[in-house]
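Take a look at the structure below.
Heavy-atom basis, side chains included; hydrogens, waters and symmetry copies ignored. In what follows, every chain begins at residue 1, and chains take the letters A, B, ... in the order their sequences are listed.
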2 protein chains.
Amino acid sequence: MLDLLAVDERPVGDLVQALGLSQPSVSKHLRVLRQVGLVRARRQGRRILYRTNAGAIKPLYEWAGTFERFWSQQLSRIKQRAESNPRESRGNP
Amino acid sequence: MLDLLAVDERPVGDLVQALGLSQPSVSKHLRVLRQVGLVRARRQGRRILYRTNAGAIKPLYEWAGTFERFWSQQLSRIKQRAESNPRESRGNP
DNA sequence: ACAACATATACCGATATCGGAATGTGTCAA
DNA sequence: TTGACACATTCCGATATCGGTATATGTTGT
């Protein structure tokens with residue numbers, strides 16, 4: 001849902017069709033997303049357009065980023081081992 | 001829990017005390033985290049040491065990162081407006 | 001083999017979540 | 001104002017999750 005609403009804002013009906021859920025179900029999901037701030041809504045005529053609030057995802061991004069050092073750490077370990085033992089590159093430990 | 005296990009590996013008992021939950025509860029949480037791959041376990045004597053599997057968080061990080069362009073976009077919009085209308089910097093729209 | 005320790009599993013009640021049918025609310029068009 | 005449209009809310013049953021107690025499993029030291 002967040003991905004769908006990230007591209008551009010959409011009315012509820014679009015999501016109903018895209019997700020294959022009932023309209024009430026979609027509305028309820030949107031309500032909690034709105035309450036948590038992950039989604040913003042604005043009325044346009046009869047419709048209500050939703051879009052994902054990218055800013056609300058930033059904290060999650062930053063939290064996940066605190067683990068980044070482990071990835072690069074692992075990469076550098078592998079690289080380091082490969083460079084220090086070039087003759088064993090094709091063999092098993 | 002993931003944060004606690006990110007610093008270094010810990011036995012279940014540590015988490016029980018750190019989280020104030022019962023031992024079975026902690027064990028069950030660890031089980032689902034293990035099943036989903038967010039956590040790895042290894043036995044050391046009587047204890048079982050858990051650590052968060054940082055690699056499993058990378059996809060989440062990358063997904064959240066797809067929204068990054070919206071943040072910078074907003075930043076550049078603000079900056080752009082501020083630079084094009086320097087006289088209105090202290091006023092309201 | 002046995003007792004003590006560390007953890008896992010089974011089981012249970014309370015609560016939360018999910019999804020749908022029925023119904024309420026607001027908006028446009030005539 | 002009325003009917004139709006788009007969506008929200010209420011109500012309900014089914015299922016999932018949570019946290020605990022009791023118990024089983026595996027490990028170490030004797």
Side-chain angles (χ1 to χ4, degrees), chain A residues 1-67 70 74 93, chain B residues 1-67 70 74 93:
Chain A
M1 239 168 95
L2 291 177
D3 279 338
L4 287 175
L5 296 175
V7 181
D8 57 350
E9 48 187 8
R10 289 167 179 264
V12 179
D14 268 32
L15 297 173
V16 169
Q17 190 177 356
L19 301 174
L21 293 174
S22 71
Q23 177 263 313
S25 183
V26 171
S27 277
K28 278 181 288 187
H29 280 266
L30 288 172
R31 176 167 52 162
V32 321
L33 290 177
R34 215 184 330 133
Q35 287 169 343
V36 187
L38 279 169
V39 135
R40 294 260 160 83
R42 78 180 173 96
R43 183 139 221 157
Q44 182 186 353
R46 302 180 181 180
R47 317 186 167 191
I48 298 184
L49 301 180
Y50 284 87
R51 63 184 171 82
T52 98
N53 177 21
I57 297 178
K58 201 172 182 180
L60 173 64
Y61 176 75
E62 283 162 353
W63 176 82
T66 63
F67 292 87
F70 292 103
Q74 201 160 315
Chain B
M1 239 168 96
L2 292 177
D3 279 337
L4 287 174
L5 296 174
V7 180
D8 56 350
E9 50 187 8
R10 289 168 179 263
V12 179
D14 268 32
L15 297 173
V16 170
Q17 191 176 358
L19 301 174
L21 292 175
S22 71
Q23 176 264 314
S25 183
V26 171
S27 277
K28 279 181 287 186
H29 279 264
L30 288 171
R31 176 167 52 162
V32 321
L33 290 177
R34 216 186 329 133
Q35 287 169 342
V36 186
L38 279 168
V39 136
R40 293 260 159 82
R42 79 183 173 93
R43 182 140 223 154
Q44 181 186 355
R46 302 178 182 182
R47 318 187 167 191
I48 298 183
L49 302 180
Y50 285 87
R51 62 181 172 83
T52 99
N53 176 22
I57 297 179
K58 200 173 181 179
L60 174 64
Y61 176 75
E62 283 162 352
W63 176 82
T66 63
F67 291 87
F70 292 102
Q74 201 160 314

(message) I need the CG-C1' distance between L33(B) and dT7(C), as an integer number of Å.
(response) 16 Å
(message) Could you tell me how far apart Q44(B) (CD) and dT27(D) (P) are, to the nearest whole angstrom?
(response) 13 Å
(message) How many whole angstroms separate atom CG of L49(A) from atom P of dC7(D)?
(response) 8 Å
Give the table of side-chain donor-acceptor pairs shorter than 3.5 Å for residues 14-30 of chain B, with sequence neighbours excluded, one pair per line with atom names and distance.
| from | atom 1 | to | atom 2 | distance (Å) |
| --- | --- | --- | --- | --- |
| S22(B) | OG | S25(B) | N | 3.3 |
| Q23(B) | NE2 | S27(B) | OG | 3.1 |

(message) Evaluate W63(A) against I57(B) for side-chain contact (heavy atoms from CB on, under 4.5 Å), listing each step before the verdict.
(response) CA-CA 10 Å; W63(A) 176 82; I57(B) 297 179; 4.1 Å; yes
(request) Considering non-hydrogen atoms only, spot the tightest contact between A56(B) and P59(B) and give its length. (result) O-CD, 3.5 Å
(message) Taking the side chain as everything from C-beta on, heavy atoms only, tell me whether L38(A) gets closer than 4.5 Å to N53(A).
(response) no
(request) Not counting sequence neighbours, which residues clear ring pair (Phe, Tyr, Trp, His ring centres under 6.0 Å) with Y61(A)? List them please. (result) Y61(B), W71(B)
(request) Find the distance R42(B):CZ to dT7(C):P and express it as a whole number of Å. (result) 13 Å
(request) Specify the separation, in whole Å, of atom CZ of R10(B) and atom P of dT7(C). (result) 13 Å
(request) Let me have a per-nucleotide readout for nucleotides 8-19 of chain C, 5' to 3', with B, S or -, counting only protein heavy atoms under 4.0 Å. (result) BBBB-------B
(request) Round to the nearest Å and state the distance from E9(A) atom CD to dC7(D) atom P. (result) 12 Å
(message) Going by salt bridge (Lys or Arg N to Asp or Glu O under 4.0 Å), name the residues that satisfy it together with R42(B), two or more places apart in sequence or in a different chain.
(response) E9(B)
(message) Which heavy atom of A41(B) sits nearest to which heavy atom of I48(B), and what is that distance?
(response) CB-CG2, 3.9 Å
Polar atom pairs (N or O), protein with nucleotides 2-5 of chain D, under 3.5 Å:
| from | atom 1 | to | atom 2 | distance (Å) |
| --- | --- | --- | --- | --- |
| dC5(D) | O4' | R46(A) | NH1 | 3.3 |

(message) Would you say that K58(B) contacts F67(A) through its side chain, given a criterion of any heavy-atom pair below 4.5 Å between the two side chains?
(response) no
(request) Return the angle between end axes of the helix from dA1(C)-dT30(D) to dA30(C)-dT1(D), with five pairs used per end and rounding to 10°. (result) 30°
